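Below: one structure, written as C-alpha coordinates.
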Amino acid sequence: QLQLVESGGGLVQPGGSLRLSCAASGFTLVYFHVGWFHQAPGKEREGVSCKSRRGGNTNYADSVKVRFTISRDNANHTVYLQMNSLKPEDTGIYYCAFSSFLQAMCVMTKGGYNYWGQGTQVTVSS
(Lines give C-alpha, C1' and ligand atoms only; values in the text may rest on other atoms or scores of the structure.)
Protein backbone atom coordinates (compact mmCIF):
# COMPACT_ATOMS: atom_id res chain seq x y z
CA GLN A 1 0.00 0.00 0.00
CA LEU A 2 1.37 3.39 -1.04
CA GLN A 3 1.12 5.97 1.71
CA LEU A 4 2.57 9.38 2.51
CA VAL A 5 2.33 10.73 6.05
CA GLU A 6 3.36 14.27 6.91
CA SER A 7 4.34 15.41 10.38
CA GLY A 8 6.08 18.30 12.08
CA GLY A 9 3.47 21.02 11.74
CA GLY A 10 2.31 23.17 14.60
CA LEU A 11 2.05 26.66 16.02
CA VAL A 12 5.13 28.85 15.81
CA GLN A 13 5.84 32.54 16.32
CA PRO A 14 6.92 34.75 13.41
CA GLY A 15 10.61 34.29 12.80
CA GLY A 16 10.56 30.77 14.14
CA SER A 17 11.36 27.46 12.44
CA LEU A 18 9.70 24.15 11.78
CA ARG A 19 10.85 20.99 10.06
CA LEU A 20 8.22 19.04 8.20
CA SER A 21 8.69 15.37 7.44
CA CYS A 22 6.98 13.17 4.88
CA ALA A 23 7.37 9.46 5.53
CA ALA A 24 6.72 7.23 2.55
CA SER A 25 5.67 3.61 2.77
CA GLY A 26 5.32 1.30 -0.16
CA PHE A 27 7.52 3.54 -2.33
CA THR A 28 11.03 3.18 -3.61
CA LEU A 29 11.71 6.85 -3.17
CA VAL A 30 14.51 7.16 -5.70
CA TYR A 31 12.02 6.58 -8.52
CA PHE A 32 9.88 9.61 -7.63
CA HIS A 33 10.14 13.36 -7.90
CA VAL A 34 8.99 14.92 -4.62
CA GLY A 35 7.29 18.19 -3.85
CA TRP A 36 5.83 20.27 -1.05
CA PHE A 37 2.69 22.31 -1.49
CA HIS A 38 1.05 24.98 0.63
CA GLN A 39 -2.64 25.73 0.88
CA ALA A 40 -3.46 28.93 2.71
CA PRO A 41 -6.99 29.36 4.11
CA GLY A 42 -9.41 30.03 1.28
CA LYS A 43 -6.76 29.76 -1.40
CA GLU A 44 -5.55 27.29 -3.98
CA ARG A 45 -2.86 24.75 -3.23
CA GLU A 46 0.46 26.09 -4.53
CA GLY A 47 3.88 24.62 -5.03
CA VAL A 48 6.51 25.53 -2.44
CA SER A 49 9.44 23.38 -3.45
CA CYS A 50 10.36 20.26 -5.36
CA LYS A 51 13.36 18.00 -5.82
CA SER A 52 13.96 15.61 -8.68
CA ARG A 53 14.45 11.87 -8.36
CA ARG A 54 18.16 11.87 -7.76
CA GLY A 55 18.32 15.37 -6.35
CA GLY A 56 19.91 17.07 -9.34
CA ASN A 57 17.10 19.58 -9.79
CA THR A 58 15.59 21.65 -6.99
CA ASN A 59 13.05 24.47 -7.25
CA TYR A 60 11.55 26.92 -4.79
CA ALA A 61 8.70 29.38 -4.96
CA ASP A 62 10.00 32.96 -4.86
CA SER A 63 8.18 33.54 -1.57
CA VAL A 64 10.23 30.88 0.26
CA LYS A 65 13.64 31.08 -1.39
CA VAL A 66 16.46 31.30 1.12
CA ARG A 67 14.04 30.55 3.98
CA PHE A 68 12.96 26.99 3.12
CA THR A 69 15.08 23.95 2.24
CA ILE A 70 13.83 20.70 0.77
CA SER A 71 15.78 17.51 1.24
CA ARG A 72 15.25 13.84 0.65
CA ASP A 73 16.62 10.72 2.29
CA ASN A 74 16.03 8.01 -0.26
CA ALA A 75 17.45 5.29 1.95
CA ASN A 76 15.00 6.10 4.75
CA HIS A 77 12.07 6.93 2.45
CA THR A 78 11.59 10.38 3.93
CA VAL A 79 11.35 13.89 2.52
CA TYR A 80 11.87 17.00 4.61
CA LEU A 81 11.03 20.68 4.41
CA GLN A 82 13.07 22.88 6.72
CA MET A 83 11.24 26.18 7.20
CA ASN A 84 13.08 29.11 8.75
CA SER A 85 12.16 32.75 9.33
CA LEU A 86 8.50 31.85 9.18
CA LYS A 87 5.96 34.55 8.40
CA PRO A 88 2.21 34.74 9.11
CA GLU A 89 1.57 34.28 5.39
CA ASP A 90 3.21 30.85 5.60
CA THR A 91 0.19 29.70 7.61
CA GLY A 92 -1.79 26.87 6.05
CA ILE A 93 -1.76 23.19 5.33
CA TYR A 94 1.40 21.71 3.88
CA TYR A 95 1.21 18.65 1.68
CA CYS A 96 3.95 16.42 0.38
CA ALA A 97 3.49 14.87 -3.02
CA PHE A 98 5.26 12.29 -5.13
CA SER A 99 5.41 12.03 -8.90
CA SER A 100 5.97 8.88 -10.91
CA PHE A 101 5.57 10.77 -14.18
CA LEU A 102 8.43 10.53 -16.61
CA GLN A 103 9.42 14.19 -16.97
CA ALA A 104 13.12 14.74 -16.41
CA MET A 105 12.74 17.46 -13.79
CA CYS A 106 10.38 18.09 -10.90
CA VAL A 107 7.60 20.63 -11.36
CA MET A 108 5.76 22.98 -9.04
CA THR A 109 2.23 22.36 -10.28
CA LYS A 110 -0.37 20.10 -8.69
CA GLY A 111 -0.96 18.23 -11.93
CA GLY A 112 2.61 17.03 -11.91
CA TYR A 113 2.02 14.75 -8.92
CA ASN A 114 -0.04 11.61 -8.54
CA TYR A 115 0.46 10.73 -4.88
CA TRP A 116 -0.44 13.00 -1.96
CA GLY A 117 -0.20 12.99 1.79
CA GLN A 118 -3.02 14.11 4.08
CA GLY A 119 -1.36 17.39 5.01
CA THR A 120 -0.03 18.95 8.18
CA GLN A 121 -1.18 22.29 9.63
CA VAL A 122 1.32 25.10 10.11
CA THR A 123 0.22 28.23 11.97
CA VAL A 124 2.53 31.21 12.26
CA SER A 125 1.18 33.65 14.79
CA SER A 126 2.25 35.64 17.83
Side-chain angles (χ1 to χ4, degrees):
Q1 182 178 359
L2 303 177
Q3 190 175 18
L4 302 177
V5 178
E6 299 98 333
S7 61
L11 173 64
V12 63
Q13 292 186 341
S17 298
L18 285 174
R19 188 194 197 199
L20 305 184
S21 299
C22 174
S25 59
F27 292 87
T28 301
L29 187 55
V30 70
Y31 296 137
F32 294 83
H33 298 314
V34 299
W36 285 97
F37 288 75
H38 170 227
Q39 188 163 16
K43 295 191 177 180
E44 292 290 319
R45 193 175 303 186
E46 296 182 336
V48 172
S49 182
C50 72
K51 185 174 280 289
S52 61
R53 289 184 180 85
R54 300 187 185 277
N57 161 239
T58 303
N59 291 318
Y60 294 96
D62 288 343
S63 60
V64 306
K65 280 180 181 175
V66 179
R67 300 189 298 122
F68 289 11
T69 303
I70 188 172
S71 59
R72 56 188 296 163
D73 182 344
N74 289 343
N76 290 307
H77 313 290
T78 305
V79 181
Y80 302 97
L81 185 68
Q82 177 67 44
M83 306 189 297
N84 299 328
S85 302
L86 282 161
K87 303 176 180 180
E89 52 263 42
D90 295 321
T91 293
I93 302 174
Y94 284 76
Y95 299 88
C96 68
F98 283 16
S99 170
S100 64
F101 299 139
L102 298 179
Q103 69 267 22
M105 296 186 295
C106 67
V107 298
M108 300 273 280
T109 54
K110 292 183 295 184
Y113 294 83
N114 48 345
Y115 298 95
W116 291 86
Q118 84 289 348
T120 186
Q121 175 70 43
V122 170
T123 303
V124 184
S125 175
S126 55

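These numbers were taken from a predicted model, which means no experiment stands behind them. Sequential numbering from 1 along the given sequence is applied to the chain's residues. Values reported hereafter were calculated over all heavy atoms of this structure, with side chains retained and with hydrogens, waters and symmetry mates removed.
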**Study point:** Test side-chain contact (heavy atoms from CB on, under 4.5 Å) applied to Glu6 and Ile93, Thr120, Leu20, Val79, the passing residue
**Key:** Thr120

Exercise for review: Kindly compute the distance separating CZ (Arg19) from OG (Ser71), expressed to the nearest 0.5 Å.
Suggested key: 6.0 Å

Exercise for review: Determine whether Met83 and Asp90 make a side-chain contact, defined as any pair of heavy atoms from C-beta on separated by less than 4.5 Å.
Suggested key: no

Exercise for review: Kindly indicate whether the side chain of Asn114, heavy atoms from C-beta on, has any atom under 4.5 Å from the side chain of Ser100.
Suggested key: yes

Point to revise | Nearest non-hydrogen partners of Ser52 and Ala104, listed with the distance | key: CB-O, 4.5 Å

**Study point:** Heavy-atom pair with the smallest gap, counting every atom of Asn57 and Met105
**Key:** OD1-CB, 3.3 Å

Exercise for review: Specify the closest pair of heavy atoms between Pro14 and Ser126, including all atoms of both residues, with the distance to one decimal.
Suggested key: CD-N, 3.7 Å

Check your understanding: Taking the side chain as C-beta and beyond, is there a heavy-atom pair between Gln13 and Leu86 under 4.5 Å?
Key -> no

**Study point:** Atom pair CZ/SG of Arg53 and Cys106 - distance to nearest 0.5 Å
**Key:** 10.0 Å

Review point. Does Tyr113 use its side chain to pair, donor to acceptor, with the backbone of Val107 at less than 3.5 Å?
Key: yes

Practice item. Report yes or no: do Val48 and Val12 belong to one cluster of Ile/Leu/Val/Met/Phe/Trp/Tyr joined by side chain heavy-atom distances under 4.5 Å? Key: yes

Check your understanding: Under 3.5 Å, is there a donor-acceptor pair between the side chain of His33 and the main chain of Gln103?
Key -> yes

Review point. For Glu44 and Lys110, which heavy atoms make the closest approach, and how far apart are they?
Key: OE1-NZ, 3.3 Å

**Study point:** Ion pair Lys65/Asp62, N-O distance below 4.0 Å
**Key:** yes

Check your understanding: What's the shortest heavy-atom distance between Ala61 and Gly47, and which atoms?
Key -> CB-O, 3.6 Å

Exercise for review: Could you go through the side chain to side chain contact (heavy atoms under 4.5 Å, CB included) check for Ser125 and Leu11 one step at a time?
Suggested key: CA-CA 7 Å; Ser125 175; Leu11 173 64; 4.3 Å; yes

Practice item. Could you state whether Val5 and Leu2 fall into the same hydrophobic cluster, counting links through intermediate Ile, Leu, Val, Met, Phe, Trp or Tyr residues with side-chain heavy atoms under 4.5 angstrom apart? Key: no

Check your understanding: How many angstroms lie between atom SG of Cys22 and atom CH2 of Trp36, to the nearest 0.5 angstrom?
Key -> 5.0 Å

Review point. Are any of the side-chain heavy atoms of Val34 and Leu29 separated by less than 4.5 Å?
Key: yes

**Study point:** Single-linkage hydrophobic cluster Val30~Phe27, side-chain heavy atoms < 4.5 angstrom
**Key:** yes

Practice item. Could you state whether Phe101 and Phe98 fall into the same hydrophobic cluster, counting links through intermediate Ile, Leu, Val, Met, Phe, Trp or Tyr residues with side-chain heavy atoms under 4.5 angstrom apart? Key: no

Check your understanding: Shortest non-hydrogen contact from Leu4 to Ala24?
Key -> CD2-CB, 3.7 Å

Check your understanding: Asn59: what forms a side chain to side chain donor-acceptor pair (under 3.5 Å) with it, not counting sequence neighbours?
Key -> none

Practice item. Would you sort out whether Glu89 and Val124 count as a side chain to side chain contact (heavy atoms under 4.5 Å, CB included), showing the intermediate values? Key: CA-CA 8 Å; Glu89 52 263 42; Val124 184; over 6 Å; no

Check your understanding: Which residue pairs pass the ring-ring contact (aromatic ring centres under 6.0 Å, His included) test with at least one member in residues 54-97, sequence neighbours excluded?
Key -> His38-Tyr94

Review point. Is a side-chain donor or acceptor of Thr78 paired with a backbone partner of Asn76 at a separation under 3.5 angstrom?
Key: yes

Review point. Between Tyr115 and Phe37, is there a shared hydrophobic cluster once you connect ILVMFWY residues whose side-chain heavy atoms come closer than 4.5 Å?
Key: no

